[in-house]
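First the structure, in the form of structure tokens, and then the observations on it.
Below, all heavy atoms of this structure are taken into account, side chains as well, without hydrogens, waters or symmetry copies. Note on naming: letters A, B, ... go to the chains in the order of the sequence lines (proteins, then strands), and numbering restarts at 1 for each one. Computed from a predicted structure; not experimentally measured.
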Protein chains: 4
Amino acid sequence: MRTAPVLWRRMPAIIAAHVSSKVRLEAFSDGIFAIAATLLVLDLAVPKPEPALLDGLLHEWPSYAAYATSFLTIGIIWVNHHTVLERMHRIDRGLLFVNLILLLFVALIPFPTKVLAHYLQSGGADAHTAAAAYGVAMLLMGISFSVLNYYALARGLFPEDRRLTFGRQVRFSIGLVMYAVGTAVSLIDARVALLIYAGLALFYVADPLLTAERGR
Amino acid sequence: MRTAPVLWRRMPAIIAAHVSSKVRLEAFSDGIFAIAATLLVLDLAVPKPEPALLDGLLHEWPSYAAYATSFLTIGIIWVNHHTVLERMHRIDRGLLFVNLILLLFVALIPFPTKVLAHYLQSGGADAHTAAAAYGVAMLLMGISFSVLNYYALARGLFPEDRRLTFGRQVRFSIGLVMYAVGTAVSLIDARVALLIYAGLALFYVADPLLTAERGR
Amino acid sequence: MRTAPVLWRRMPAIIAAHVSSKVRLEAFSDGIFAIAATLLVLDLAVPKPEPALLDGLLHEWPSYAAYATSFLTIGIIWVNHHTVLERMHRIDRGLLFVNLILLLFVALIPFPTKVLAHYLQSGGADAHTAAAAYGVAMLLMGISFSVLNYYALARGLFPEDRRLTFGRQVRFSIGLVMYAVGTAVSLIDARVALLIYAGLALFYVADPLLTAERGR
Amino acid sequence: MRTAPVLWRRMPAIIAAHVSSKVRLEAFSDGIFAIAATLLVLDLAVPKPEPALLDGLLHEWPSYAAYATSFLTIGIIWVNHHTVLERMHRIDRGLLFVNLILLLFVALIPFPTKVLAHYLQSGGADAHTAAAAYGVAMLLMGISFSVLNYYALARGLFPEDRRLTFGRQVRFSIGLVMYAVGTAVSLIDARVALLIYAGLALFYVADPLLTAERGR
């Protein structure tokens with residue numbers, strides 16, 4: 001116990017070093033997630049009064065649907081990112097870069113959202129293309145999230161007893177499959193595809209609220 | 001006391017785990033609040049020199065009023081969010097999603113602000129619609145904040161002795177009622193409605209400065 | 001020493017509570033400062049190739065000067081905000097709102113910057129107005145910073161031995177005076193006013209680098 | 001050991017003070033990095049359907065290449081900034097300002113990116129100018145990063161045993177040289193220059209993933 005006073009005195013530095021690396025990764029990631037989600041609102045343009053503002057506002061429904069879907073989707077990935085990062089007991093330099101690829105696709109989301117909202121209003125073949133582009137962007141993000149997860153597993157960044165359960169892994173995979181389905185459906189009907197994307201987001205939001213799951 | 005040295009050594013990890021989950025929720029939320037508030041400035045366009053720049057600058061007063069009102073409102077919700085989060089001794093997965101719904105409406109605020117600033121200048125029936133849309137957006141945000149509060153109460157996330165006082169609950173409710181009043185008034189006079197929204201924000205800002213309340 | 005093991009066990013919660021309130025105020029403020037500074041870049045438009053891109057790029061010099069001046073100014077206020085907050089041993093609810101008023105003017109800076117960059121290129125009387133508007137915006141921000149400082153002094157938020165030195169107070173005041181001078185000068189010559197604003201920012205950046213001051 | 005209980009009680013305040021200064025510098029910097037990276041997406045405009053949306057989307061490839069290159073580059077500088085800051089055991093007031101200059105150039109990146117994406121599509125001599133401007137912006141950022149590093153060395157902010165290794169210093173320098181090469185090449189061929197910039201970013205991302213380096 002002779003070492004105790006020394007430990008006390010060095011505790012602040014030890015805590016700072018221990019906390020800082022993961023905290024900074026989380027802070028940077030949280031920043032990207034939060035900014036990408038909030039930038040979505042810039043795509044909502046002031047509607048024209050045709051014939052009155054109320055009509056213009058209501059006519060913009062695809063923009064609101066796309067806004068809400070993308071916002072909730074980014075939020076859900078943030079929660080999952082949070083869950084996965086929290087379970088790691090350490091991170092390495094490679095993880096920073098794998099995480100960077102994921103963030104690249106997260107930060108990209110306002111772009112396909114904007115394209116989808118724009119072309120859903122005009123309809124036609126271009127609406128199909130826009131909905132498919134949205135699905136592909138979501139797939140790329142989902143795949144990078146899986147890569148992050150497998151990288152952490154392969155490098156032993158999770159302690160043995162804190163790995164993701166099989167059930168949670170399956171839940172992540174459902175998302176990937178549904179985005180692939182949505183992308184395929186968008187070639188037939190763009191609005192049904194948007195319904196799939198929105199339904200998926202609502203399912204992920206409602207799921208932990210309906211099940212009385214108490215874990216973080 | 002034999003366990004003490006072990007506790008010392010594990011302290012950094014314990015602190016990191018304990019702090020991280022709530023801290024990350026707060027960091028993500030703070031990010032959204034801060035970005036939504038700062039994006040408001042993008043709606044202030046370079047005024048035209050008609051007949052001179054000074055006239056153009058002064059003519060934009062509805063934009064400045066809408067900017068200040070929305071900025072202060074977001075800031076006030078941030079302070080309240082801060083107060084509520086601080087009192088929780090733990091959070092759960094459901095709270096992350098309830099919080100996400102609140103953030104969706106917080107991040108939306110630049111949109112009704114932009115619409116209000118634009119149509120207040122042109123006036124007429126569309127100004128009424130714009131002011132009502134602003135009120136509805138604020139109501140939706142206020143309601144999601146109440147839902148967050150009741151969710152936390154229902155799930156026992158507040159320790160018994162740290163629940164919100166009845167006085168504070170009433171103060172939150174005043175906001176909801178005033179936004180409903182503002183929305184109704186906007187159908188008659190858009191500028192009076194903006195005055196109500198602005199007055200509400202100023203009241204919430206001035207209140208803790210006038211009362212010598214010392215709590216955080 | 002019987003209470004020691006209890007303290008150990010409760011340490012994480014104590015630290016979290018102690019740290020959280022000031023940390024969250026800082027995090028929210030840092031967010032606003034960082035976003036306001038970074039949004040400035042959005043005002044730099046893709047220049048036209050007239051007659052070639054190089055000419056277009058060089059012709060935009062007022063935008064670059066305004067960008068750099070505003071970026072450094074926001075950065076300097078951030079450093080000062082950092083210094084002042086760091087010295088407080090506690091904060092109160094009123095400070096959150098005084099701080100909010102300061103942030104309102106910080107977040108506003110991209111607007112007068114945009115106006116100045118735009119009208120400096122066109123020149124004439126409107127350039128004078130734009131430079132004066134920029135000075136007024138900076139004055140409002142400087143005054144709110146002083147209010148924050150005096151509020152904290154009046155409420156005893158600084159420990160006796162950590163109050164700002166007289167020298168530092170004087171340095172803050174120089175800024176206010178220079179912005180008033182710049183605003184007055186802008187009515188005569190807009191470019192000289194911009195030179196004053198830029199020189200002030202450079203002075204504040206260079207000062208701690210030239211003097212070998214070792215404090216944080 | 002009599003002082004132990006006192007230390008326990010004061011521990012939260014000690015930790016808060018110790019952590020806060022560096023943490024706030026990191027938080028502000030992370031904010032700028034994250035926002036600059038995420039703002040890049042605003043430059044991706046909704047493509048025109050000429051002749052169909054798919055053609056418009058594919059025609060925008062220079063925008064996607066510029067987006068990915070700039071995003072990864074900002075991410076890499078963030079990782080390096082992280083590495084350098086982490087090794088410092090203290091910071092001083094001068095570092096805040098040297099860091100501010102670096103952040104000024106980081107926050108600027110969306111501007112040359114936008115110019116490059118725009119003029120790469122039109123081609124010709126202006127594409128050369130745009131690619132050179134991009135290279136110069138990257139060089140300015142790289143040089144400020146080096147200045148930050150040398151400032152910290154000169155002021156003794158790194159503990160003796162945590163200085164950057166010679167190998168890492170060389171790796172940083174490679175970046176500077178390659179940006180100079182890219183800038184020179186851009187006067188001959190803009191697309192080859194973009195390839196060099198993109199290749200450099202990919203090299204820095206892939207390097208720690210290929211080598212099984214375990215450090216953070």
Using the test side chain to side chain contact (heavy atoms under 4.5 Å, CB included), find all partners of C:L104 that sit at least two apart in sequence or belong to another chain. B:Y67, B:A68, B:F71, B:L72
Looking only at heavy atoms and a cut-off of under 4.5 Å, which of C:A52, C:A34, C:S29 has the most pairs with chain D? C:A34
Not counting sequence neighbours, which residues clear side chain to side chain contact (heavy atoms under 4.5 Å, CB included) with D:A133? List them please. C:L57
Do the non-hydrogen side-chain atoms of D:R93 and C:T83 ever get within less than 4.5 Å of each other? yes
Of all the residues in residues 36-47 of chain D, which have a heavy atom that comes within less than 4.5 Å of a heavy atom in chain C? D:A36, D:L39, D:L42
Once you measure the plane-to-plane angle for C:F33 and D:F28, does it fall in the parallel (<30°), tilted (30-60°) or perpendicular (>60°) bin? perpendicular
So for D:I101, is it side chain, backbone, both, or neither that comes closer than 4.5 Å to the heavy atoms of chain C? side chain
Calculate, to the nearest 0.5 Å, the distance between atoms OG1 and CG belonging to D:T129 and C:L54 respectively. 5.5 Å
Among residues 106-116 of chain D, those lying within the under-4.5 Å heavy-atom range of chain C are D:A107, D:L108, D:P110, D:F111, D:K114, D:V115
